[in-house]
Number of protein chains: 2
Amino acid sequence: MTTIYEGDKMLVAIDCLVFGYDVHEEKLKLLLFKRRINPFAGSWSLIGGFVKEEEDILDAARRVLRDFTGLDNVFLEQLTSYGKANRDPGGRVISISYYSLIKLDDIHFDKVREHGAKWLDITEMPDPILDHGDMIAQGLNRLKANARTAPLSFELLPEEFTLPQLLKLYQSIYQKDIDDRNFRKKMLATGLLIKLDKKDKTASKKGAFYYQFDKEEYHELVKRGYYFDLF
Amino acid sequence: MTTIYEGDKMLVAIDCLVFGYDVHEEKLKLLLFKRRINPFAGSWSLIGGFVKEEEDILDAARRVLRDFTGLDNVFLEQLTSYGKANRDPGGRVISISYYSLIKLDDIHFDKVREHGAKWLDITEMPDPILDHGDMIAQGLNRLKANARTAPLSFELLPEEFTLPQLLKLYQSIYQKDIDDRNFRKKMLATGLLIKLDKKDKTASKKGAFYYQFDKEEYHELVKRGYYFDLF
DNA sequence: ACAAAAGTGTTAACTATACACCCATGA
DNA sequence: TCATGGGTGTATAGTTAACACTTTTGT
């Protein structure tokens, strides 16, 4: 593509926060990897890559995610751009952060391991390179803010999940106790959970009913002005 | 700055939404200008410019704002980055949008006019170039969302303002009627408005008391976990 | 005296919170 | 039979929403 403008050209990178929820450990996790290139080879980093000349930035984010996790068609949304002139000693790089929410079951662990990537507990983050610590902090805040007003949590759980699992997920996002009776009431009151005739017996003897999130109904309601809101 | 990475370099632009509130017309306005360079010279555009090699993106946004309005030290916050490969036929350009809230009184109208810029009513936007229409739509949504949970409105009013002015500002942001008794109660209940011993008599014979927003107190409260929330 | 905007309180509906026990089951 | 987690209801406090009249003052 020819440029008719005059101006300085620079590298544009994508850095992607990948959140996953471990249903068994009941912990929210973030995917970090050991950087392979210099500077900072060997340090913890978000997954990332450079935007190509002919590539939409959203496609670049999808590519990064696919390359590192093998996943496609998952929740992916832009966060913030970082562009201090000296943020990367390797050159002038503008970085656009994205965050993705994935169902940990889905992931091709081989691909992740192959990249030296690892799921780390969000409460025990190592010090990552560059401004990735800021990206993570801001991303967590956005996740908290957005999970109140959009049904994001379902992106982090398997298609079929139990109410105790959903509750524990919210508790790990907000890092606080939530009353289970009130939580169930609010959740069921949305009318967006479909109760299945099946129980998960892995976590208790009694077993907890599986539910599914009613995506179609949700999108219908949104069209009519519905506004998901917990808390 | 030398680059040790391999990747495609591209132009990075800032496009800035500048919101102002006209207290007399009681209308929320956005600053647009008639673009001077090709492609699309003569069409309506947001104010903007390219990020320089040695410049932080936030500084670039400040520079753009200063160059077009003469203003410095005003509210300025990043919105979203736009990066479709073909979004600009003039070249591969990634654009980072910002929004600014200014006190219309402040502005150096000469500087604005000199750039062919104009304050346009947000309900009567012309069709702007490129994806600036999307930027404006998204920016308005963010303004609405953020004005609920942060005291942004005071950035748009003079230091001294009346409650009827504040009410009308919220009404123009949300484009709906708000009950004045409930509004006053909530606003005054924050304890963040300092009543002055002065009245604005331009809008009525009785006159309305001037208030000031207590910024210091607000920042104190925020430190202690306070969370501004209307509606 | 009247027009025009400023200012003020109460009630009802709703929402959020706090809280404790019984149920089903596998071991 | 007992230990474990799943499931349920109610009462109270707090918040939001609806609503109409009086005050001030310049003309």
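Per chain, numbering begins at 1; letters A, B, ... match sequence-line order. This is a predicted model, so every value here is computed, not measured.
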Exercise for the section: Would you mind building the protein contact string for nucleotides 14-22 of chain D? One character per nucleotide, 5' to 3', B for base within reach (heavy atoms under 4.0 Å), S for sugar-phosphate only, - for untouched. Expected result: ---BBBB--
Handout entry: Segment of DNA chain C, first to last nucleotide, that comes within the 4.0 Å heavy-atom reach of chain B
Key =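 On DNA chain C, the outermost contacted nucleotides are C:dA5 to C:dT10.
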Problem - Axial cation check for A:Phe68 ring with A:Arg63, 6.0 Å and 45° limits - result: no
Practice task
With A:Arg148 as the cation and A:Tyr174 as the aromatic partner, state whether NZ or CZ is under 6.0 Å from the six-membered ring centre and within 45° of the axis.
Solution key: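 Because its charged atom sits under 6.0 Å from the ring centre and within 45° of the axis, A:Arg148 does stack over A:Tyr174.
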Fill in the blank from the handout: On a heavy-atom basis, the closest approach of B:Lys34 and B:Gly42 is CD-O, 3.2 Å
Practice task
For residues A:His115 and A:Phe33, report the shortest heavy-atom separation together with the two atoms involved.
Solution key: O-CD1, 3.4 Å
Problem - Among B:Ser45, B:Ser97, B:Ser95, the one residue meeting side-chain hydrogen bond (donor to acceptor under 3.5 Å, both in side chains) with B:Asp15 - result: B:Ser95
Over how many whole Å does the gap from [X] atom [atom1] to [N] atom [atom2] extend?
{"X": "A:Gln171", "N": "D:dG5", "atom1": "CD", "atom2": "C1'", "result": "14 Å"}
{"X": "A:Arg184", "N": "D:dG9", "atom1": "CZ", "atom2": "P", "result": "11 Å"}
{"X": "B:Asp200", "N": "D:dT25", "atom1": "CG", "atom2": "P", "result": "14 Å"}
{"X": "A:Phe183", "N": "D:dG5", "atom1": "CZ", "atom2": "C1'", "result": "16 Å"}

Handout entry: Side-chain (A:Gln165) to main-chain (A:Thr162) donor-acceptor, under 3.5 angstrom
Key =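 Yes; judged by distance alone, with no hydrogens or angles, the pair exists.
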Practice task
Would you tell me whether A:Lys185 and A:Asn182 have side-chain atoms, one donor and one acceptor, within less than 3.5 Å of each other?
Solution key: yes
Exercise for the section: Flag the pair B:Lys27 and B:Asp22 as a salt bridge only when some basic side-chain nitrogen lies within less than 4.0 angstrom of an acidic carboxylate oxygen. Expected result: no
